Amino acid sequence: MSRQVSLKNTRNIGITAHIDAGKTTTTERILYYTGKTYKIGEVHDGAAVMDWMIQEQERGITITSAATTCYWKDHKINIIDTPGHVDFTVEVERSLRVLDGMIAIFCAVGGVEPQSETVWRQAVKYNVPRIAFINKMDRNGADFFYVLDMIRDRLNANPLAVQIPIGKEDNFQGIIDLISMRSIIYKDEMGIKFEYEDIPEELKSEAFKYRQELIENIANYNDGILNKYVENEEISPEELKNALRDITVSLKGIPVLCGASFKNKGVQPLLDAVVDYLPSPLDVSIPEGENPENGDTVLREVNDNAPFSGLVFKIMSDPFVGRLSYIRIYSGSITNGVQVLNTNSGMKSRIGKLLEMHANSREELKEAFAGDIVAIVGLKNIKTGNTVCDPNKPVRYESITFPEPVIFIAIEPKTKTDQEKLSISLSRLAEEDPTFRVETDPETGQTIISGMGELHLEVIVDRLLREFGVGANVGKPQVSYRETITREAQVEGKYIRQSGGRGQYGHVVIRFEPNEYGKGFEFEDKTKGGVIPAEYIKPIEAGIEEAMQSGEVAGYPVVDLKAILLDGSYHEVDSSEMAFRIAGSKAFREAMKRANPILLEPIMDVEITVSDEYMGEVIGDLNSRRARVSSVDMRNNNRIIKVNAPLSEMFGYATDLRSRTQGRATFTMQFKKYEPIPGRIADEIINRYRGSSIAV
């Protein structure tokens, strides 16, 4: 079987945005206009093809990234529609790791919102070329040029407007294409009928002004355009498109388009822009990995004849075909039945089936090629971020890093039958979602699940019941506190055990100091003259790190600490790695008593959008939650209140905010940093901890 669409005509793109900016609505229109679906599914009706999970349909939001493939103008476009809610940001992270391009969607009213900034940072991290689509031009308060300025200022980007709108809000009629200098006028309310026309007379001067700005910006990066511009020569649309493509692929600028996806306006030009400006797998840098056997750098050429290699970026349980491993193929080709090597685990597996996914439906393939995004059935012991490749030509690509969970809750089965199924179901969910963790508390014996937010864990519990048939009760979310020290302490740690046979001897002198916020644990060896043999230094560090998992204040992990090993002694016969490991641990315990340890709590960045009439009540409620207001701005007749608030005070805030504002206010929240807890609240946490310790 041969490739149907060339690599040059392949696009692997993600669609990202803040929640409710119109990602899934735009994707549904793309599927309709490319002929992938025969009717448009609406998010608000729970009928969107890409929001296939029942939890997504009920809530009207995207929870899991969904993959599909469509075709436009002889190009194959693999699309991943990603969530906009901060609780599911891992779905964006792992998708961008394997994509070549991205459509960043911005609401024409809200502009650059908090989650827009988060996904933008993720795209910068993975060097993903972007185009921007300013959506909802038909909404009250829509302002294309205001959002253009926000992209420039807030994202530190170089937006290149290739279109400007004709009208806005109720009067949004169409788009002026600044490349071809013609207008697209929509002839009906739903945007099904449109025609290319001359630019309206009253908008010609504005169109020429913005086209001039576009050409000047392009000329900064393209000598050919610069020369023609200086010589006042005609610049063809094709030349502008080629120059724009180079700028986009090299991450020097962002083409910006506009429209109203819900009214079907601007979607076909957006598809044209994907083809014209976003890169094919051949346009991005050659994937670089390492040889797992010797650590040497390995470069794999992006073509079908190179040795097979790919990265697994998502694991999913499918009720019909079992465990699916979503993979981006970087080089070579693959067929059913071949054996592949997982270079992270060293295990080999045989490919059961190759599937092209369309949300939750699938089509079986006989072969897949470089640049394809497919799902594989049959891979064993595979995890998100693992590399699979030709066993004879091993390579390991950089894996995917995931944020740590911020919310912990206890979960218990409702019945004895549920008890038997709970651990199996939880482990399957944890395989799918790397930010969902399952642990057993060694002291209480409780099963603790952790995730990125209330909604994240709510969806997990809902899936347990609906997909796995497991009933479960959950406790109130527990906040992930931390401990740290606030002053220096120099201590001795001794572990000496003398018995009839060989004893144990470890002796250390260590100075513990507070470390800068976010620097974590640092260890430094300043011993001289071999007072402690070199083979015992690492065990001392390991003993401290192990002890830091449970602090002295309330049993929480200790962070931002520096340990400097100054002195110590050893015994020729009795010293061992274990003795020095315990000595390091004992030194840490003693230092925690002397170094004035304190509790830290997670502080969240919260942004609330609310009208003036409710602002006083909202701020009053925030003050009662120990929130600190950092700014209050005006945006399109709404107040934007930005605060820093403790996570422990924000549980249930969504419900409270809705009830106080008749459902008209919205908020977003993301982790910012850890800060010391006020004394009274810290005392309550400590007393609870000591009370539970006594009870045990």
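We count residues from 1, following the sequence as given. Source: prediction; values computed, not measured.
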I'd like to check Ile598 versus Thr484 (side-chain heavy atoms, cut-off strictly below 4.5 Å). Are they in contact?
yes
Interatomic distance, CZ@Arg396 vs OG1@Thr387, rounded to 0.5 Å, equals 7.5 Å
Do the side chains of Lys673 and Glu675 get close enough for a salt bridge, i.e. N-O under 4.0 angstrom?
yes
Does any N or O in the side chain of Ser585 come within less than 3.5 Å of the main-chain N or O of Ala547, such that one atom is a donor and the other an acceptor?
no
Kindly indicate, with the supporting measurements, whether the criterion side chain to side chain contact (heavy atoms under 4.5 Å, CB included) is fulfilled by Lys593 and Glu552.
CA-CA 7 Å; Lys593 293 171 185 170; Glu552 294 290 306; 4.1 Å; yes
Closest non-hydrogen atom pair, Cys107 against Glu113
CB-OE1, 4.2 Å
Would one find more than 12 heavy atoms of other residues, nucleotides or ligands at under 6.0 Å from atom CD of Gln339?
yes
Decide side chain to side chain contact (heavy atoms under 4.5 Å, CB included) for Met592 and Ile485; before the verdict, give the C-alpha distance in whole Å, the side-chain angles of both, and the deciding distance to 0.1 Å.
CA-CA 7 Å; Met592 282 294 285; Ile485 59 173; 3.6 Å; yes
Over all atoms of both residues, closest heavy-atom pair of Ala587 and Val491
O-CG2, 3.2 Å
For Glu398, the salt bridge (charged side-chain N to carboxylate O under 4.0 Å, His left out) test, sequence neighbours excluded, returns none
Interatomic spacing from CD1 in Ile411 to CG in Leu457 - rounded to 0.5 Å
9.0 Å
Pair Glu541 + Lys538, salt bridge at N-O below 4.0 Å:
yes
With a 4.5 Å heavy-atom cut-off, do Val98 and Tyr397 have their side chains touching?
no
Shortest non-hydrogen contact between Ala645 and Val606, atoms and distance:
CB-CG2, 4.2 Å
Interatomic distance, Asn644 atom CG to Asp605 atom CG [nearest 0.5 angstrom]
5.0 Å
With heavy-atom distances below 4.5 Å as the criterion, would you say the side chains of Phe588 and Met548 are in contact?
yes
For Phe436, which residues count as a ring pair (Phe, Tyr, Trp, His ring centres under 6.0 Å) partner, sequence neighbours excluded?
none
Flag side-chain contact, heavy atom, 4.5 Å: Tyr653 against Ile608
yes
Beyond-backbone contact of Ile681 with Arg626, side-chain heavy atoms, under 4.5 angstrom
yes
Verify, without hydrogens or angle tests, whether Asp560 (side chain) and Asn515 (backbone) share a donor-acceptor contact under 3.5 angstrom.
no
Please evaluate residues Ser648 and Tyr481 with respect to the criterion side chain to side chain contact (heavy atoms under 4.5 Å, CB included), reporting the C-alpha separation (whole Å), side-chain torsions for both, the decisive distance (0.1 Å), and the verdict.
CA-CA 10 Å; Ser648 59; Tyr481 294 108; 3.6 Å; yes
Spatial distance of atom CD (Gln122) from atom OG (Ser95) [nearest 0.5 Å]:
9.5 Å
Let me confirm one number: the CZ-OG1 distance from Arg97 to Thr384, rounded to the nearest 0.5 Å.
12.5 Å
Let me know which of Thr486, Val553, Leu561 forms a side chain to side chain contact (heavy atoms under 4.5 Å, CB included) with Pro597.
Val553
Side chains of Thr16 and Ile105, heavy atoms from C-beta outward: is any pair under 4.5 Å?
no
Please confirm whether the backbone N or O of Ile79 pairs with a side-chain atom of Thr68, one donor and one acceptor, at under 3.5 Å?
no
Nearest heavy-atom neighbours spanning Val618 and Val610:
CG2-CG2, 4.0 Å
Correct closest heavy-atom pair for Ala489 and Ala591 would be CB-O, 4.2 Å
Do any N or O atoms from the side chain of Arg482 and from the backbone of Leu600 form a donor-acceptor pair under 3.5 angstrom?
no
Step by step, work out the side chain to side chain contact (heavy atoms under 4.5 Å, CB included) result for Tyr674 and Leu647.
CA-CA 10 Å; Tyr674 277 94; Leu647 176 61; over 6 Å; no
Non-hydrogen side-chain atoms of Asn342 and Leu379 separated by less than 4.5 Å:
no
Taking Asp462 for the side chain and Glu458 for the main chain, is one N or O donor matched with an acceptor at less than 3.5 Å?
no
Backbone N or O of Ile448 within a donor-acceptor pair of the Glu439 side chain at under 3.5 Å?
no
Applying salt bridge (Lys or Arg N to Asp or Glu O under 4.0 Å), run through Lys586 and Glu590 and close with a yes or a no.
CA-CA 6 Å; Lys586 288 168 78 78; Glu590 183 60 33; over 6 Å; no
Rounded to the nearest 0.5 Å, what's the gap from NZ on Lys414 to CG on Leu422? Could you check?
12.0 Å
Check: Gly471 main-chain N/O paired with Asp418 side-chain donor or acceptor under 3.5 Å:
yes
Is Arg428 salt-bridged to Glu432, cutoff N-O under 4.0 Å?
no
Here the pair of heavy atoms bringing Val438 nearest to Ala430 is CG2-CB, 4.4 Å
Please answer whether the main-chain N or O of Thr447 pairs with a side-chain N or O of Glu412 as donor and acceptor at a distance below 3.5 Å.
no
Donor-acceptor pair, distance only, cut-off 3.5 Å: does the side chain of Ser425 make one with the backbone of Leu464?
no
With a 4.0 Å cut-off on N to O distance, would you call Arg625 and Asp656 a salt bridge?
yes
Looking at Glu577 and Arg581, is there a salt bridge between them, counting it only when a charged N and a carboxylate O are closer than 4.0 Å?
no
Residue pair Ile373 / Phe313, side-chain heavy-atom distance below 4.5 Å:
yes
